[in-house]
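Worksheet for the structure shown next.
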Amino acid sequence: MAMDFYSDGTLREPSLKDMLADPITKAVMRRDGVEETKLVALMARQRQSLLEQGRLGGN
């Protein structure tokens, strides 16, 4: 997983796409029986809920 930095030099959290591409993450998900498509759908629903509540910016 590549490191990503903001323009001011501070470290940025990896995107969900980056995390799901990581071999260790994939191995843990496989071990735990977590399906990528279901996880992505869950995260999308949670993001939408937070946006509707005004608790997340529109990024």
Side-chain angles (χ1 to χ4, degrees):
M1 189 174 334
M3 294 289 214
D4 195 8
F5 294 88
Y6 287 108
S7 59
D8 65 1
T10 57
L11 188 60
R12 148 190 345 229
E13 292 183 15
S15 68
L16 179 59
K17 180 180 177 182
D18 289 338
M19 288 189 292
L20 292 175
D22 180 69
I24 294 172
T25 301
K26 288 182 178 208
V28 171
M29 288 173 59
R30 190 171 38 253
R31 181 201 64 201
D32 292 345
V34 176
E35 296 177 35
E36 183 175 334
T37 55
K38 290 183 179 181
L39 179 61
V40 170
L42 172 67
M43 297 301 289
R45 288 191 308 271
Q46 184 62 31
R47 182 178 190 282
Q48 184 60 40
S49 176
L50 290 170
L51 285 168
E52 290 169 2
Q53 295 172 35
R55 297 176 59 196
L56 184 67
N59 300 348

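One-based numbering along the sequence shown. Only heavy atoms go into these numbers, but all of them, side chains included; no hydrogens, no water, no symmetry mates. Since this is a predicted model, take the numbers as computed values, not measurements.
Every pair passing salt bridge (charged side-chain N to carboxylate O under 4.0 Å, His left out) that includes a residue from residues 26-36 is listed here, sequence neighbours excluded: Glu35-Lys38.
To the nearest 0.5 angstrom, Leu51 atom CG is 10.0 Å from Gln46 atom CD. To the nearest 0.5 angstrom, Ile24 atom CD1 is 14.0 Å from Met19 atom CE. In this structure, CG in Leu42 is found 11.5 Å from OG1 in Thr37, a value given to the nearest 0.5 Å.
Two residues are said to be in side-chain contact when any heavy atoms from C-beta on lie closer than 4.5 Å; Leu20 and Met29 meet this criterion.
Leu16 and Val34 fall within a single hydrophobic cluster, where Ile, Leu, Val, Met, Phe, Trp and Tyr are joined by side-chain heavy atoms under 4.5 Å apart, directly or via other members.
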